[in-house]
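Structure, as structure tokens:
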Amino acid sequence: MVKPFTVEMLEHSAHSTPDVKAHVDLFNGALVGITYTGTSKVTKAPSTSDEIYVILNAQRGDNSYALTYPIAKDDFCDCYKVSEWKGKQLIVTKENIVDATVAVGDVLVADASTFKFKKGSATTGSVSFTVMELDATGVKVLIK
């Protein structure tokens, strides 16, 4: 699960891209790029040259507190442009981090094969994530 650190991030500073279809089976908190083809928008694997988005679908009912919330291929997903949050923080659970161990100060980037966070040094779509705090459930990262 990936969560904005404050509600303000969703209400005032987020650039949401609606009507985007998942190109493969994904999950809430996936890091993706977007392909625009005419009037259609489809997710794609994130790359260093593309803008990066995080999928934050509203979970309802029995899924409201689930750590993994599936988004099937061709389902619509709510994509938020991460670069709009530079200087702000995200909370990322261990399930959304590829590497088994991370430490305060580590830099994380988007992993194109898993759509999760991984250790790295390059930026992805002009952003990177610096680990600020650790706890038993995951990390708090600063978007740079």
Side-chain angles (χ1 to χ4, degrees), residues 1-102 106-135 137-144:
M1 181 182 307
V2 175
K3 298 186 295 188
F5 188 63
T6 65
V7 173
E8 178 274 335
M9 291 172 69
L10 291 176
E11 292 181 347
H12 301 293
S13 62
H15 174 81
S16 175
T17 303
D19 302 328
V20 180
K21 285 191 174 186
H23 73 293
V24 295
D25 290 347
L26 292 168
F27 53 90
N28 229 14
L31 299 172
V32 297
I34 295 179
T35 298
Y36 294 90
T37 308
T39 57
S40 69
K41 296 171 265 185
V42 180
T43 63
K44 65 179 180 178
S47 74
T48 56
S49 61
D50 295 327
E51 191 67 51
I52 189 169
Y53 296 82
V54 61
I55 296 175
L56 296 176
N57 279 15
Q59 300 179 63
R60 293 174 179 80
D62 293 340
N63 291 321
S64 60
Y65 297 102
L67 287 178
T68 56
Y69 178 66
I71 299 164
K73 180 182 178 185
D74 294 327
D75 277 0
F76 286 103
C77 42
D78 296 327
C79 297
Y80 291 86
K81 188 187 294 185
V82 176
S83 63
E84 298 290 323
W85 292 332
K86 280 188 178 181
K88 298 185 186 302
Q89 297 180 3
L90 291 176
I91 298 168
V92 182
T93 59
K94 290 179 180 178
E95 292 79 13
N96 278 33
I97 301 172
V98 173
D99 301 288
T101 59
V102 294
D106 283 349
V107 174
L108 305 178
V109 296
D111 181 47
S113 60
T114 63
F115 308 101
K116 296 180 180 185
F117 294 81
K118 70 175 182 178
K119 288 183 190 178
S121 58
T123 58
T124 306
S126 80
V127 298
S128 64
F129 309 89
T130 302
V131 176
M132 302 302 291
E133 290 180 35
L134 301 167
D135 67 24
T137 61
V139 300
K140 190 182 297 177
V141 296
L142 177 66
I143 302 166
K144 291 186 167 187

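Keep in mind that the numbers below use all heavy atoms, side chains included, and drop hydrogens, waters and symmetry copies.
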Rounded to the nearest 0.5 Å, how far apart are [atom1] of [X] and [atom2] of [Y]?
X      : Y      : atom1 : atom2 : value
Met132 : Ile143 : CE    : CD1   : 12.0 Å
Asn96  : Leu31  : CG    : CG    : 7.5 Å
Tyr53  : Thr17  : OH    : OG1   : 4.5 Å

**Report entry** Lys119 side-chain N/O to Thr101 backbone N/O, donor-acceptor pair under 3.5 Å
**Finding:** yes

Requested in this report: Please answer whether the main-chain N or O of Val109 pairs with a side-chain N or O of Ser128 as donor and acceptor at a distance below 3.5 Å.
Outcome: no

Closest non-hydrogen atom pair, [X] against [Y]:
X      : Y     : value
Ile55  : Cys77 : CG2-CB, 3.7 Å
Cys79  : Thr43 : SG-CG2, 4.3 Å
Phe115 : Pro46 : CD2-CD, 3.8 Å
Val82  : Val54 : CG2-N, 3.9 Å
Ile71  : Ala22 : CG2-CB, 4.2 Å

Query raised in the report: Among all residues two or more places apart in sequence or in another chain, which pass the side chain to side chain contact (heavy atoms under 4.5 Å, CB included) test with Phe5?
Result: Met9, Gln89, Ile91, Lys140

Query raised in the report: Taking only residues two or more places apart in sequence, or in another chain, which ones meet Val98 in a side chain to side chain contact (heavy atoms under 4.5 Å, CB included)?
Result: Asp111, Thr114, Lys116, Lys118

Report task. Tell me, with the steps shown, if Val127 and Ser83 meet side-chain contact (heavy atoms from CB on, under 4.5 Å). Result -> CA-CA 6 Å; Val127 298; Ser83 63; 3.9 Å; yes

Salt bridge (Lys or Arg N to Asp or Glu O under 4.0 Å): pairs with one or both residues in [range], sequence neighbours excluded:
range          : value
residues 22-47 : Lys44-Asp50
residues 27-40 : none
residues 70-79 : none

Query raised in the report: Do Met1 and Asn28 come close enough that some side-chain heavy atom pair is under 4.5 Å?
Result: no

Report summary line: Of Val131, Val2, Val102, the one forming a side-chain contact (heavy atoms from CB on, under 4.5 Å) with Val141 is Val131

Requested in this report: Report the C-alpha separation of Lys21 and Phe76 in whole Å, then their side-chain angles, then the decisive distance to 0.1 Å, and conclude whether the side-chain contact (heavy atoms from CB on, under 4.5 Å) test is met.
Outcome: CA-CA 4 Å; Lys21 285 191 174 186; Phe76 286 103; 3.6 Å; yes

Query raised in the report: For Thr130, which residues count as a side chain to side chain donor-acceptor pair (under 3.5 Å) partner, sequence neighbours excluded?
Result: none

